[in-house]
Structure formats: structure tokens, C-alpha cells
Amino acid sequence: MAASAKSFLADAGYGEQELDANSALMELDKGLRSGKLGEQCEAVVRFPRLFQKYPFPILINSAFLKLADVFRVGNNFLRLCVLKVTQQSEKHLEKILNVDEFVKRVFSVIHSNDPVARAITLRMLGSMASIIPERKNAHHSIRQSLDSHDNVEVEAAIFAAANFSAQSKDFAAGICNKISEMIQGLATPVDLKLKLIPILQHMHHDASLASSSRQLLQQLVTSYPSTKMVIVTLHTFTLLAASSLVDIPKQIQLLLQYLKNDPRKAVKRLAIQDLKLLANKTPHTWSRENIQALCESALHTPYDSLKLGMLSVLSTLSGTIAIKQYFSSAPGTAATTARSFDLVKLAQECCYHNNRGIAAHGVRILTNISASCQEKDLLPLEQDAVFGLEALLVLCSQDDSPGAQATLKITLTCMVKLVKCRPHLSQSVVESLLTQLHSAQDAARILMCHCLAAIAMQLPVLADGMLGDLMDLYKLIGRSTTDKKQELLVSLATVIFVSSQKALSSEIKTVIKQQLENASNGWTAYRIARQASRMGNHDMARELYQSLLTQVASEHFYFWLNSLKEFSHAEQCLTGLQEDNYSSALSCIAEALKSYHKGIASLTAASTPLNPLSFQCGFVKLRIDLLQAFSQLICTCNSLKTSPPPAIATTIAMTSGNDLQRCGRISNQMKHSMEEFRNLATRYGDLYQSSFDADSATLRNVELQQQSCLLISHAIEALILDPESASFQEYSSNGTAHVESEYERRMMSVFNHVLEEVESLNRKYAPVSYLHTACLCNAVIALLKVPLSFQRYFFQKLQSTSIKLALSPSPRNPAEPIAVQNNQQLALKVEGVVQHGSKPGLFRKIQSVCLNVSSVLQSKSGQDYKIPIDNMTNEMEQRVEPHNDYFSTQFLLNFVILGTHNITVESSVIDSNGIVWKTGPKTTIFVKSLEDPYSQQVRLQQQQGQPPSQQQQQRTAYSRF
């Protein structure tokens, strides 16, 4: 019922027109005042949409007061609707400004003679517990209602008691005895006891309260041995321990004891479920003995369902610190050492179990042990893991049932993990995947292709010899246009692009295009083109984008595809670069720039107000400027031949004291070039900082572009401008860093090669010789020869985060200034709402918001009088942590100088790692600083007391004021 109510509330208001906040509220208010019950209900259920659209306190406060009025005077059905709206809009409750008034209107219904009305009111109070945790009248009403003879009211009181206990320490301490009396009382029915026991999970506010609750639960477990009571009590026990933290080891022991000794399957299942919860939450509290006891239970149980549950707990623990504790803290005695490998024995036994789930957990445990205990000699374990994975792969790839697919996903994830930490196993894993691809079901083939691509991105294991197998399979995919076949075409094409990293042969291109013409729709072709752009196969991507241009319905899509086609063509032009051939390099870069300029014009035309393509435009503009800087650098290097230093250059250098002057004009040009590359690196850094929603591969790509700019600027400085003080330590790359993609691998090797060349030249020859300029030109060509990768964020935004700011006071008209007297301070209140897309916090989460307020004097008023200099400018910064996606703070600003001031409020976010992201937005308001009446009066009196000539002078100068 709750789910259907939620969907009903979410879908209400589908025909709503776009209105501003006040109009929308007035429209709903009209519905609330209607005499028809149906219209009133419709208005009530539209409120959550209103809150979502305008999530600022001023509107939410008014709306909730109106709802409270409806609750006070309406019938029970209307009250129920208001209750549902309140529960759905829980995160907006703290924005209610008049909490007292709101509670007063709702609370008046508690004195009704109707027990259902009282029950709805209690539930309403429980739903509001987060904003009124310490209201004594609410506490008293809940205690009273627990003694009611009406079941509906008692259940509502239990709901409210649970919510208030979670929020208020005082209430929890006060109600604890009452709850324990009711639970232990003979008059309380068993079904009511089962509902009362879960309240005890909230008694964790201090140690004594938690301890007394644990004692009560301990008594209950012993006194009431019926299955239902044991299950509810044990689960409450676990949740209380998980919140209070101190009793987790005891709780693990208790659950293991029930798992081992209690004969009832339902109790065993509950124990396993709670152990899984504790394994996820606090794996570090599991001792070696706990894991050993669980292994023994799993080895001895005859039931597959229970074995599956226990293995699930062990596989969770095997991916955490607990596994290292299990292997490292083994005592020295022979008996324990033999037993310490019960986990391994269990996993090996389960790898080939006839239940797929058990086998999957078995291989996952072996994989995790191999990955985390690398210091031990685990060669037989690795082999067991590989054999188990291959057996599961064969079993699951033939079956397209959902269970088999889920098991296959676990198997393939383990394969990727194993290959990542044990690269020597990659060849056998990849071969088994390729062998199995031919006979597998389509759904399994897609997953296997994803796995192959993930492995090949990390390690170059897909040799050219394997391409033949993949191409045969590509040809085999029939002319079917089912979704699975389309997905498989994309997945296989991705693997082919990853495996042929250098360039696609014409034969492969023909096969892919032919197959796309036969069996695909435009969307599949676009996805394959997108993958080609990500892997650097730009010639293939260009042809596919070209073929799609005429198949789109809107001109925005046409311009988007056209821009992608031009970018692919531009990058394709750069593949013809050759070392030591600088004139052809210049013509290639010029050709690429021509295509890029066409593409950026198209990209700008593709942007819309709702989708401004800011990252794409920023990335491409930087690429254009980088190519121009590279072109300019090659021209500058060539100028050593076309315009060598004059004969008197040495004399000029000696007289000016600047040794660089003996190189002629090339030294100044190189200085400009170096500054340009540093400026580009800064701009790449700004693009990185503004891309809060980008995935890690895209950010790494931007970082590599930035590093290539820094590398060239460092090379110019080390070879030509300042060879004496050039340091190579800070630029030496860290070879142990894990490389995520082929593009990164190739860029890093170019960086290392260029640094070695620059370092060897720097020691041998004095600047500037043709060797130096050739080294710089070759560095540029080497960087451009690595095909640029257009990463996921360029095409697809998986996470979306934006901030909406509201300033008060704010003028009615944005261009109109706010008047403030110069002897007073302006209290500027900044409120903000964080808005998310469908996957909030997928890559990173907002920890806090940094607000920066600055003011600039735009125009002075005519009276230019002596004013103290202090407090002339305002520059302030505050950090606030959003709560339920809402934050607010205040700034006190001085405007001593008369005139119009421009106030800018800019927000940036700080993620959970403490990194600052310049996400915006930036909001501006104008303030007009006026002279206060008293000072004006004093000044006028002073003026009147002056000689007439001076008065006349002043009057003419300031007559216009």
C-alpha cells in the first residue's frame, strides 16, 4: 500500500503548467479551499512536486502551514493524505520556519474523541520527530496512547515512540522502562510485544541505556523461545549492537552460537542475515575464532540454502581486512595451523558444487585470498581459483536464466580482479574466455565481451592472433535485430577496438560496416562510433558519424554528429605525422585545426539552454589552442634556420648581462611559447576543477593533457631558457602507478622518452643548437602521434549535480540596486539547494559547500569626502555542510563608500576527499550605498557656514545631485 501511495503521489500533477513559486502555491491553495473533497485531496498530493521544484524555506514554510490547517479541520482521509505528503517530504521539514505554529495546528487533533484521528496525529508527530525531538507534550501524548484500548492508536503510538527514541535521548531514557514493562507484562498480547521489541534498537544514546536494553533483550531471548520472538529479539539485538558499537564482538558470538546450536532453520537464516550485516558494517571486529566457527558450521551443515548464506558472509569478509587477520594471527602450534586453513578447504570444496551460487562464493573467496595475501606463496590456490572460474564460466555461459547471469557476473568480476593482481594468469583467463565466446548464449557473450575489454584495457593481452577469432564471431552474428544482438555488436566492436590499439585494418573496418548495414539501427552505429572515439580509432569513427548525419530527427543532433565527425577527421589528420619531417607536421596540424574550427562551430550550434555542452566546448577549445601552441613552437624552432643570431649577438649579450641574447630573437619567442604552455596547463587545471560530475577516466585524460603542456614548458626551460637550474627530479614519472588504459600507457611512455632526451641534451650541449630545436619538435610530434581519446564524459553524463542559490534581501528587478545606508551593515543571507540527477554520488559526493562573497565599487556618488580606508572592500569565505541537500549562512557586509557596489556570490563544492571543485553558480546583486541622514545634515550645515565663493563653487560642481 505504501509503495502504491508513493507512486500515486509522485505521478500526481502530470498536467501541471510551468508557474512561478507564488502562482503555483496560490493554485494549490485554491484547491485546498474548494468545497469538493476530491479537489482538496488532489491539491494536497501535488505538494511534494511543488517542494521538489521550489525547495526554499519561504515557500515550504507557507505550504506546510496550509497543510497543517487542512489537517486540523479536514476529515481523516485528508489527514491521511497530509501525513503521506509529510512522510514523503521528510527532508524539507527542517526548512519550516514557524515550527511552533505548525506543531500547534497539528497537535490540536490529539484531543479528538476519534481514535483514528488521534492515531493519524501520532503518526504525524512521529514523522516530524526530527524537528521536534524534545517537545514534552508530544512525549506525554505518546506515553498516554501506549495505554489506549484501541489497537490502531497503540500501533501509531509505537511508530511515534520508535521515531522519537531515534532522535531524543531524554525520550529514549524515559520510555525504556515503560516499554520493558509492557513487553514483560502478561496482559500485553504477543503480537503487540513483537511490535514493541524493535523500539529497543534505538536505545543507543549512552552506554548505560544500551546496557540495560541488552540485558532486557537477553532475558527475552531466554524467556520466550518461540521462533517469532527469537527472530525479532535477535534482530533488534544486532541493530542495537551495530549502533552502540561496543557490543559487536559479543553479538557475533551470540549469533554464531544460535547458528550452531539452534535446530530451527528460520532462526539460523536470521543469524546468517545479521552476521552478513555485521560483516559489511564492521569486518575489523571479526576475530580469527569467529571466522573459524563460521567455517566449521558451513562445512558440517547438510542444507545448501544455509551453506549458501554462510558462504555469502565469508565471501564478504574475504574482501576485507578480516582475511589478513585470519591468516596472519595463526598461533604457532601445529594443530591450529592445520585448522587455520579450514576457510581454504571450504572454498576448494565448494568451487565445484552443483549449486551455482555456492560455487560462485567459493571462487570469490579463493580470488579474494589470492588478491589480498600476495606475500604468501599461494600458487596452488591461484590455480584452484582459475580452474573454478573456468568451470563456472562453461556452466553459466550456456544458460540464459537470470540466476545463471548473476553468477556469471560474479565469475567475470573475479576474473578481472584476479588478472589485475596476478598478471601472469591473464593469458590462460583470456584464452578460456575467447574459447567459450563461440558456444555461449547472447546474454552471456555480452558480459564476456565486457570482461575481455576490462582485462585488455589494463594489460595488452589481446594479441593480433586473437583478432581472427573475434572477427569470425562478428561475422557469425545473424541478421537479427533483437536488443541482445544489438548490444552484442557494440560489445564485440569494443573488444576489437581495444585489441587493435594501433590502427584498424581496412578488412576489419569493412566487416564492421557491413555488419552494421545488415543488422543494426542508428543507435547501435552511434554507440560503436562512440567507442571508436574513446579508443582512438578516429578514421572508423568519422565514417560512422558521416553515415549517421542524415538519420537524425533534430538539427541539434545533426550539429552534434557533424561536430564529432569533424573532430574525428581532425584527429585522423594527425596520424600522418612523422619524426624529423617538420614541414609536413605543420601542414597536418593546419589541416587538423581547420576541421576543429568547423567542429567547434557545429558544437556551439548543437548546444541548448538545457544542455549547454560546456565541458565539450571547453575541452575542444583547449585542444585547438594546444594545437596552435604546438604549431607556433615548431615555427619558432624553424626560425633558428630562417633567422639565425646576428654576428654581434655575443657582444649584445655581454653588454646587457643577459646570456640568452646571444641566441638572437629565438630566446624571446621561446619565452612567450613557454608562458603559453604554462597558461594552457592552468586552463586544463580549471577545466578539471569544474568537472565535478566527470568519471575518473575523463579526469585522468584532462590531467594527461595538462601534463603534456607542463612537459613541453619544462623542456623549453631546460633546453633553452635556463639549462643550469633545470631539475628533473620532480618530473620523473612514478613507474609503479597503475595505468588504467592504453592511451595513458602510451602517453606515459612518450613523457618518459621526452624527459630522457631532454636530460641527455641538457648535460651535453650549450643552448641553442639545432639538436635542441629538433628535440622540441620531435617531442611535439611524439605527443601528437598518440591518438586522442574522447572519454565517456564527452558523450555521457552519468552523475549530475547542480547548486541553486537564493540571496536575501533580493531586489524585485535584478538590475535594481538594494538601498543601504553607509553607516549600517548589510546582512546578506545565502541559501542553497543541492540538486541531483538519477544517480547521486556515483563518482563523488559533496561534503561541504564553499561560499565566496566579494564586492566591487562600480560607480561613486558625487560627494567625494574623506572616509576612513578600513572596511572599504568586502572579501569573505564560509564553508557550510548541506543537510538534506539544503544549506544557509549569513555574511555582514560594509559599504562605507557612497555609490553602487556589485556583490558577487560564488559557490564551489568540497568532496569527501577534501578536493575543491569550482562548480558554480555565480550570482550577482547590486547595492546602492546612501549617506545616512544625520551625516548629510551635519555636512549641509558645515557647507552653509563656509564663505559664499566656496559655496557657489560647490553648488555648481554638484548641482546635478
Side-chain angles (χ1 to χ4, degrees), residues 51-52 55-57 60 89-96 130-131 133 166-167 204-205 242-243 245 280-284 319-321 614-615 618 682 684-703 706 737 740 791-793 796-808 828-854 875-892 904-923:
F51 298 155
Q52 206 175 342
F56 286 101
I60 283 167
S89 311
E90 198 177 344
K91 73 175 194 175
H92 298 298
L93 287 174
E94 63 181 38
K95 298 174 197 169
I96 299 173
S130 58
I131 56 167
Q167 300 289 340
H204 52 72
H205 297 282
S243 301
L245 300 175
N280 277 315
K281 185 164 184 183
T282 55
H284 56 280
T320 64
I321 188 75
S614 46
F615 173 80
T682 309
Y684 269 117
D686 292 342
L687 181 68
Y688 185 101
Q689 275 195 311
S690 65
S691 308
F692 177 78
D693 292 321
D695 55 292
S696 54
T698 305
L699 291 175
R700 182 67 187 127
N701 193 350
V702 173
E703 209 173 11
Q706 184 186 25
E740 289 293 337
Q791 287 292 341
R792 184 193 285 278
Y793 193 57
Q796 200 180 13
K797 200 173 185 178
L798 291 184
Q799 173 183 312
S800 172
T801 314
S802 61
I803 291 175
K804 208 173 175 180
L805 292 180
L807 310 182
S808 54
L828 180 70
K829 185 176 185 184
V830 182
E831 294 173 292
V833 174
V834 182
Q835 296 175 317
H836 301 284
S838 57
K839 297 177 181 174
L842 181 66
F843 300 122
R844 51 199 70 82
K845 291 178 182 159
I846 294 179
Q847 184 75 32
S848 57
V849 177
C850 181
L851 293 165
N852 191 291
V853 173
S854 58
E875 190 76 45
M876 297 184 193
E877 188 176 281
Q878 274 194 48
R879 289 188 179 188
V880 279
E881 284 192 20
H883 187 251
N884 285 331
D885 293 335
Y886 169 76
F887 58 89
S888 83
T889 186
Q890 288 190 324
F891 295 89
L892 272 181
T904 305
V905 180
E906 189 173 7
S907 65
S908 49
V909 304
I910 296 146
D911 68 9
S912 41
N913 295 326
I915 301 167
V916 179
W917 301 83
K918 292 178 181 169
T919 52
K922 196 186 269 190
T923 312

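This chain uses plain numbering: 1 for the first residue, then up along the sequence. Bear in mind the structure is a predicted one, so any value in this text is a computation, not a measurement.
- A donor-acceptor contact closer than 3.5 angstrom links the side chains of Asp693 and Thr801.
- A donor-acceptor pair is defined here as one N or O able to donate and one able to accept, closer than 3.5 Å; such a pair exists between the side chain of Ser907 and the backbone of Gly920.
- Rounding to the nearest 0.5 Å gives a distance of 10.0 Å between CD of Glu877 and CD of Glu906.
- The line from NZ of Lys829 to CG of Leu807 is 11.5 Å long, rounded to the nearest 0.5 Å.
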(request) Go through the steps to decide whether Lys91 and Tyr886 satisfy the test side chain to side chain contact (heavy atoms under 4.5 Å, CB included), and finish with yes or no. (result) CA-CA 9 Å; Lys91 73 175 194 175; Tyr886 169 76; over 6 Å; no
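- One N or O on the side chain of Lys95 and one on the backbone of Pro55 form a donor-acceptor pair closer than 3.5 Å.
- Remark: side-chain polar atoms of Ser848 are not paired, donor with acceptor, to backbone N or O of Arg879 under 3.5 angstrom.
- When all heavy atoms of Tyr793 and Ser691 are compared, the pair lying nearest together is CE2-CB, 4.3 Å.
- Phe843 and Ala694 make their closest contact through CD1-O, 3.8 Å (heavy atoms, listed as atom of the first residue, atom of the second, distance).
- Heavy atoms only, all atoms of each residue included: Glu881 and Phe887 are closest at O-CB, 4.5 Å.
- Of all the heavy atoms in Ile846 and Pro882, the pair that sits closest is CG2-CG, 4.1 Å.
- Rounding to the nearest 0.5 angstrom, the gap separating the OG1 atom in Thr904 from the CD atom in Glu875 is 9.5 Å.
- Aromatic ring orientation, Phe692 versus Trp917: perpendicular (interplanar angle above 60°, classes split at 30° and 60°).
- Proximity of a side-chain donor or acceptor of Arg792 to a complementary backbone N or O of Ser696 within less than 3.5 Å is not detected.
- Under the 3.5 Å distance criterion, the side-chain polar atoms of Gln847 are left unmatched by any main-chain donor or acceptor of Gly914.
- Smallest separation of non-hydrogen atoms from Ser908 and Lys918: CB-CA, 4.0 Å.
- Rounding to the nearest 0.5 Å places CG of Leu798 at 7.0 Å from CG of Asp695.
- To the nearest 0.5 Å, atom CD of residue Glu831 and atom CZ of residue Phe56 are 7.0 Å apart.
- At least one donor-acceptor pair under 3.5 Å links the side chain of Asp911 to the backbone N or O of Asn913.
- For the atom pair CZ of Arg844 and CG of Leu699, the computed distance is 5.0 Å after rounding to the nearest 0.5 Å.
- Screening Glu94, His92, Glu90 against Asn884 for a side chain to side chain contact (heavy atoms under 4.5 Å, CB included) leaves a single residue, Glu94.
- Summarising the local packing, CD of Gln52 is surrounded by 12 or fewer heavy atoms from other residues, nucleotides or ligands at distances under 6.0 Å.
- Taking each heavy atom of Ala242 and Lys281 in turn, the nearest pair found is O-NZ, 2.9 Å.
- In this structure, Gln799 contributes its side chain and Leu842 its backbone to a donor-acceptor pair below 3.5 Å.
- Exactly one residue among Thr923, Val833, Val849 makes a side chain to side chain contact (heavy atoms under 4.5 Å, CB included) with Leu805. That residue is Thr923.
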(request) With side chain to side chain contact (heavy atoms under 4.5 Å, CB included) as the test, would you mind laying out the steps for Phe615 and Val702 before giving the verdict? (result) CA-CA 11 Å; Phe615 173 80; Val702 173; 4.2 Å; yes
